[in-house]
Number of protein chains: 2
Amino acid sequence: MRDRHLTSEKKPTVNDIARVAGVSLATVDRVLNARPGVRSVTIEKVNEAIAELGYVRDTAAANLARKRLYRLLFILPDTANEFVVALKAAIAEQGAKLHHQRTTLDALSVPPFDPQAIVDALDGLDAARIDGVAVFGPETPSVRDAVRRTRARGIAVVAFVSDLPSSDRDHFVGIDNIAAGRTAAKLMGRFVRGKGRILVITGSRLARDHLERRTGFDAVMSREFPHLEVMASIEGRDDPDLIRQMLPDVFDAYPDIRGIYSSAAGNPGLIRFLDAAGPHDDLVVIAHELTAASRAALERGVFDAIISQDTGHLVRSATRLLKATADRVPFDDTQERIRIDIYLRENMPAA
Amino acid sequence: MRDRHLTSEKKPTVNDIARVAGVSLATVDRVLNARPGVRSVTIEKVNEAIAELGYVRDTAAANLARKRLYRLLFILPDTANEFVVALKAAIAEQGAKLHHQRTTLDALSVPPFDPQAIVDALDGLDAARIDGVAVFGPETPSVRDAVRRTRARGIAVVAFVSDLPSSDRDHFVGIDNIAAGRTAAKLMGRFVRGKGRILVITGSRLARDHLERRTGFDAVMSREFPHLEVMASIEGRDDPDLIRQMLPDVFDAYPDIRGIYSSAAGNPGLIRFLDAAGPHDDLVVIAHELTAASRAALERGVFDAIISQDTGHLVRSATRLLKATADRVPFDDTQERIRIDIYLRENMPAA
DNA sequence: TTGAAAGCGCTACCAC
DNA sequence: GTGGTAGCGCTTTCAA
């Protein structure tokens, strides 16, 4: 029994429209692309034909004829942290593939935690040479203004990984970080046995994603696991060495720490500390982002769970959204929703 | 600082090849498509030009000229179970989108748990009208043979959701079900407090995916959580009513059940049972596939976790793989790997 | 305000 | 064996 037969006869083309409407190809094209210089009566005729035939434009053919190029840029912090490195790798990889599909992806690194660098980068963009830009950076008034100016110049802008106020950017590509924090808390609460303290390592107060994770984490911990005490965050600035240095003192001062939530980057520092401290069956460690380092830690049982977002999906989604925005066409909401991935050792994908 | 500049000058076309090789467009095309009737010297010349220029074919243009259509078929069990229904919805949705990209997706429902029905369906396929088929069904010798025959007739075949031996199908689109079972076990073991029994509900002995999940589940439970006793599976045949009927007796006989692993479909029956039994804070329930029913159960705290696979991704991946196989072109391994998703209430995506 | 015709990159048919 | 040429569905001069 055939459920559906989506196969149809033959799809109508611009020629069919021209014939039915009794006009030329050029006129059909003018109407299709909302170009000026067509009498409204004619526009009507053409639109009727389009509706009657159920015409849908063949984007591939259109882009071929138009020699349309999508030139997209990713602005990322210039840091060695594993997640950002993975992101850049994903951009390069996608870029290589999309290169043959009339799309170029570039990456621009700017000093981390430096709003002005992002502002300068955005203001330096040439609207004649760039169609869209994905921005991964702090949310400050100056950045917001620069984003607005960029969009005003006709360049599509999406907030990448860390959101900017929705009134400013065209879209946000990333996870719901409050939900990610809540997820970490739920796992922490269910994994930890007995009472004790929970240490939270964060990155920067300027990073909206870090703040949101902390908010979500605290909400679930206090409501569902009040027997666990969440301590004030230590700010690691995504720096492994700094984190490695800070931890011994913290553990000396609070021997009853039962869980660590590493909500930002810099995991290698945490891992070095944990390895030096030796086996710790009663300590639950939950971190963010599946990278070579965190993957190994999960494998060895040093980490108990990893909350992650798929870098490939992030890049593909940003690309699709930027293109759709540049073309002023709709997109598929559900496909662009980035999942909050949970990885245990058991469901880690092969490297 | 610009990290990479992937933008390149201008991509070489068939015309460039013709010019450089000193032959005509037609000959270039013959070489490109491995058509007969070209002297090997000429082939050499053309190939050198191709290498020298770094030519890469523009698939969009080629498909346009070729009027290439991809006619793909999904063979699925004719059942009302939530997962299969979601799959069909995803096929219809993708189909509507791909329809304008020279690709048609059809779905064919066959009686569930019936190898012969699949064999008949495959043997009934017209190679002149179908380019590829995704098969979701039991792994039996007769099915394997039919898959072989189908491929021999030039139709691409991927195993869908439940694997077939790798020697038979072109690819497998689905999760590693052993790992999925292991994942469920790890969550179960860490969530359950104290000792007790774990009940496993399975679907059918014929379904390879169900068997694999059970295998993985048992392995982790026995090794890491020996204080929990995993009981013999009850076979629910993915039937909510049957499951609803069986459960009361099981719980009467074993009052110390502390966890339920619903490894197949039919979750609505389990949910009805749990609702009737009332609140149960000390019972951990882990099920498969995020559907309307399971999502609601997770939301209400009736389920503790859901192991899932993204139906949209499954369909998109099967489609890409079938096309790539039909075209004999390579594909991107990492993008086709279906993740084992873990959902808690906290990271459930919006409906 | 409209139309004819060339062309995007590639394929395919028909001659030579 | 090889080459010219029309054409896929759409856009874009250039004339009219």
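Order of the sequence lines sets the chain letters (A, B, ...), proteins ahead of strands, with each chain counted from 1.
In summary, the aromatic rings of B:Phe160 and B:Phe74 are positioned with their centroids under 6.0 Å apart.
One interatomic measurement links the two molecules: NE2 of B:His100 to C1' of D:dC8, which rounds to 18 Å at whole-angstrom precision. Between the P atom of D:dC8 and the CG atom of A:Asp16 lies a distance of 11 Å, rounded to the nearest Å. Between A:Asn63 atom CG and C:dG7 atom C1' the separation is 16 Å, expressed in whole Å. One atom, CG of A:Asp29, and another, P of C:dA5, lie 17 Å apart when rounded to the nearest Å. The CZ-P distance, from A:Arg35 to C:dT2, rounds to 15 Å in whole Å. As rounded to whole Å, 17 Å separates atom P of C:dA6 from atom NZ of A:Lys67. Distance NZ (B:Lys11) to C1' (C:dC8): 12 Å, rounded to an integer number of Å. One interatomic measurement links the two molecules: CD of A:Glu44 to C1' of C:dT1, which rounds to 17 Å at whole-angstrom precision.
Counting any heavy atom pair closer than 4.0 Å across all strands shown, A:Val23 reaches sugar-phosphate atoms only and no base atom.
Inspection of the A:Ser308 and A:Asp310 side chains reveals no N or O donor paired with an N or O acceptor under 3.5 Å. A side-chain N or O of A:Lys88 and one of A:Ser109 form a donor-acceptor pair less than 3.5 Å apart.
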(Q) I'd like to know whether A:Asp131 forms a salt bridge (Lys or Arg N to Asp or Glu O under 4.0 Å) with A:Lys323, so could you lay out the CA-CA distance, the side-chain angles of the two residues, the decisive distance to 0.1 Å, and finally the verdict. (A) CA-CA 8 Å; A:Asp131 299 295; A:Lys323 283 188 186 185; over 6 Å; no
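Contact annotation: B:Arg57 side-chain N/O to C:dT11 OP1/OP2 distance is under 4.0 Å. In this structure, B:Thr27 does not reach the D:dG1 phosphate: none of its side-chain N or O atoms is under 4.0 Å from OP1 or OP2. Contact annotation: A:Thr42 side-chain N/O to C:dT2 OP1/OP2 distance is under 4.0 Å. Considering only side-chain N and O atoms, B:Ser24 lies nowhere under 4.0 angstrom from the phosphate OP1 or OP2 of D:dT2.
The side chain of B:Leu32 lies closest to C:dT11 when the candidates are D:dT12, C:dT11, C:dG9. Residue A:Asn33 has its side chain nearest to D:dT11 when only C:dG9, D:dT11, D:dC10 are considered. Of the candidates D:dG9, D:dT12, C:dT2, the closest approach to any side-chain atom of A:Asp58 belongs to D:dG9. Distances were taken from every side-chain heavy atom of A:Ala65 (C-beta onward) to each of C:dC10, D:dT13, C:dG7; the shortest belongs to C:dG7. In the set C:dT2, D:dC10, C:dC10, the nucleotide with an atom closest to the side chain of A:Ala61 is D:dC10. Among the nucleotides D:dG3, D:dC10, C:dT2, the one closest to any side-chain atom of B:Arg30 is D:dG3.
For the salt bridge (charged side-chain N to carboxylate O under 4.0 Å, His left out) criterion with A:Asp327, the lone passing option out of A:Arg66, A:Arg68, A:Arg320 is A:Arg68.
With the nearest nucleotide of DNA chain D identified for both A:Thr59 and B:Ala26, B:Ala26 has the one nearer the 5' end. Of the two residues contacting DNA chain D, namely A:Arg66 and B:Leu25, the nearest-nucleotide position lying further toward the 5' end is that of B:Leu25.
In summary, A:Asp58 and B:Arg102 engage in a salt bridge, as defined by a charged side-chain N under 4.0 Å from a carboxylate O.
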